[in-house]
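Below is one structure; the comments refer to it alone.
Atom set for the values below is all heavy atoms of this structure, side chains included, hydrogens, waters and symmetry mates excluded. Along the sequence shown, residues are numbered consecutively beginning with 1.
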Amino acid sequence: MRVGFGYDVHRLVEGRPLILGGVTIPFEKGLAGHSDADVLLHAISDALLGAAALGDIGTHFPDTDPAFEGANSASLLENVHQMLEQRGITVVNIDATIAAEAPHMQGYINQMRSVIARVLSIEIGDVSVKATTTERLGFVGIGEGIAAYAVCLIQTAETGA
């Protein structure tokens with residue numbers, strides 16, 4: 001078994017939809033980025049890639065590549081999952097936290113968990129998504145951006161470890 005950690009952050013801007021965990025959340029701002037800028041799915045992708053020692057999301061889906069402009073991050077996560085499966089690696093569980101002052105995430109958490117579980121072919125009970133504020137501290141606290149943190153546990157088929 002191997003553990004991975006991922007982190008991502010994007011600036012909040014007007015004129016873009018807010019997509020977190022593959023769910024569009026009504027809000028006056030969205031996240032800036034080359035793709036749909038879903039910080040939660042990016043952090044999970046980085047955690048999985050890191051656990052498998054396969055680099056990071058920028059290595060596989062660079063923001064300099066026009067092919068990934070406006071990319072759906074759930075599709076990127078699905079590609080990461082396929083990379084793992086090709087190496088005989090399965091995802092055991094995901095634990096993630098979104099840091100945002102607004103909007104409130106509570107009504108969307110189960111939808112996010114469902115999307116992540118479906119994309120990774122695991123049970124919804126193996127996906128934890130939490131949301132917190134930063135008590136108005138830092139760039140997240142003053143509403144300039146949203147961050148996400150994720151840890152994962154993966155297992156290789158050959159060893160079961």
Q. When rounded to the nearest 0.5 angstrom, what distance separates CG in L77 from CD in Q82?
A. 10.0 Å
Q: Assign the ring pair Y149 / Y7 to parallel, tilted or perpendicular, where the plane angle (0 to 90°) is split at 30° and 60°.
A: tilted
Q: Give the C-alpha distance, both sets of side-chain angles, the deciding distance and a yes or no for side chain to side chain contact (heavy atoms under 4.5 Å, CB included) between D95 and V127.
A: CA-CA 6 Å; D95 183 21; V127 178; over 6 Å; no
Q. Is there a chain of hydrophobic side chains (I, L, V, M, F, W, Y, each step under 4.5 Å between heavy atoms) that links I109 to V119?
A. yes
(Q) Determine whether a donor-acceptor pair (N or O, by modelled atom type, separation under 3.5 Å) exists between the side chain of D38 and the backbone of G21. (A) yes
Q: Please confirm whether the backbone N or O of R136 pairs with a side-chain atom of E101, one donor and one acceptor, at under 3.5 Å?
A: yes
Q: Rounded to the nearest 0.5 Å, what's the gap from OG1 on T156 to CZ on R2? Could you check?
A: 8.5 Å
Q: Look at the side chain of T134 and the backbone N and O of G141, then say whether any donor-acceptor pair between them is shorter than 3.5 Å.
A: yes
**Q.** Shortest non-hydrogen contact from S45 toward I57
**A.** CB-CD1, 3.9 Å
Q: Give the intermediate values and the outcome of side chain to side chain contact (heavy atoms under 4.5 Å, CB included) for residues L18 and T24.
A: CA-CA 6 Å; L18 178 59; T24 301; over 6 Å; no
Q) Are F27 and V115 joined in one hydrophobic group, where the rule is that I, L, V, M, F, W and Y side chains link up if heavy atoms are under 4.5 Å apart? A) yes
Q. Does H10 reach the main-chain N or O of L31 with its side chain, forming a donor-acceptor pair under 3.5 Å?
A. no
(Q) Testing the basics here: between A52 and I154, what is the closest heavy-atom pair and its distance to 0.1 Å? (A) N-CD1, 3.7 Å
Q. For Q106, does the CD atom sit with more than 12 other heavy atoms under 6.0 Å from it, leaving out its own atoms?
A. no
Q: Using the rule that two of Ile, Leu, Val, Met, Phe, Trp, Tyr join whenever any of their side-chain heavy atoms come within less than 4.5 Å, decide whether F5 and V9 are in one cluster.
A: yes
(Q) To the nearest 0.5 Å, what is the distance between CD1 on I19 and CE on M112? (A) 11.0 Å
Q: Consider only side-chain N and O atoms of N79 and H81, and report whether a donor and an acceptor are under 3.5 Å apart.
A: no
Q: Taking all non-hydrogen atoms of both residues into account, name the closest pair between I146 and A102 and its distance.
A: CD1-O, 4.2 Å
**Q.** Minimum heavy-atom distance between A147 and V39, given as atom pair plus value
**A.** C-CG2, 4.2 Å
Q. So do L54 and H60 actually touch side chain to side chain, heavy atoms under 4.5 Å?
A. yes
Q) Do D36 and R16 sit within salt-bridge range, that is, some charged N less than 4.0 Å from a carboxylate O? A) no
Q. Quick one: do V140 and L41 end up in the same hydrophobic cluster if we chain Ile, Leu, Val, Met, Phe, Trp and Tyr together by side-chain heavy atoms under 4.5 Å apart?
A. no
Q) Between V129 and Y108, is any pair of side-chain heavy atoms under 4.5 Å apart? A) no
**Q.** Non-hydrogen atoms of M83 and L49 that approach each other most closely
**A.** SD-CD2, 4.1 Å
Q.
Taking atom CD as the centre, does E28 end up with more than 12 heavy-atom neighbours from other residues, nucleotides or ligands that are less than 6.0 angstrom away?
A. yes
Q: Treating Ile, Leu, Val, Met, Phe, Trp and Tyr as nodes and any side-chain heavy-atom pair under 4.5 angstrom as an edge, say whether V151 and I98 lie in one connected cluster.
A: no
Q) Pick from I94, L84, T90: which one makes a side-chain contact (heavy atoms from CB on, under 4.5 Å) with L120? A) I94
Q | Interatomic distance, C152 atom SG to I44 atom CD1 [nearest 0.5 angstrom] | A | 9.0 Å
Q. Between CZ of R118 and CD of E123, what distance do you get to the nearest 0.5 Å?
A. 14.0 Å
Q.
Between D8 and H42, is there a side-chain donor-acceptor contact under 3.5 Å, judged purely by atom types and distance?
A. yes
Q: To the nearest 0.5 Å, tell me how far F68 CZ sits from S73 OG.
A: 11.5 Å
Q: State, to 0.1 Å, how close G143 and L12 come at their nearest heavy-atom pair, and which atoms those are.
A: O-CD1, 3.6 Å
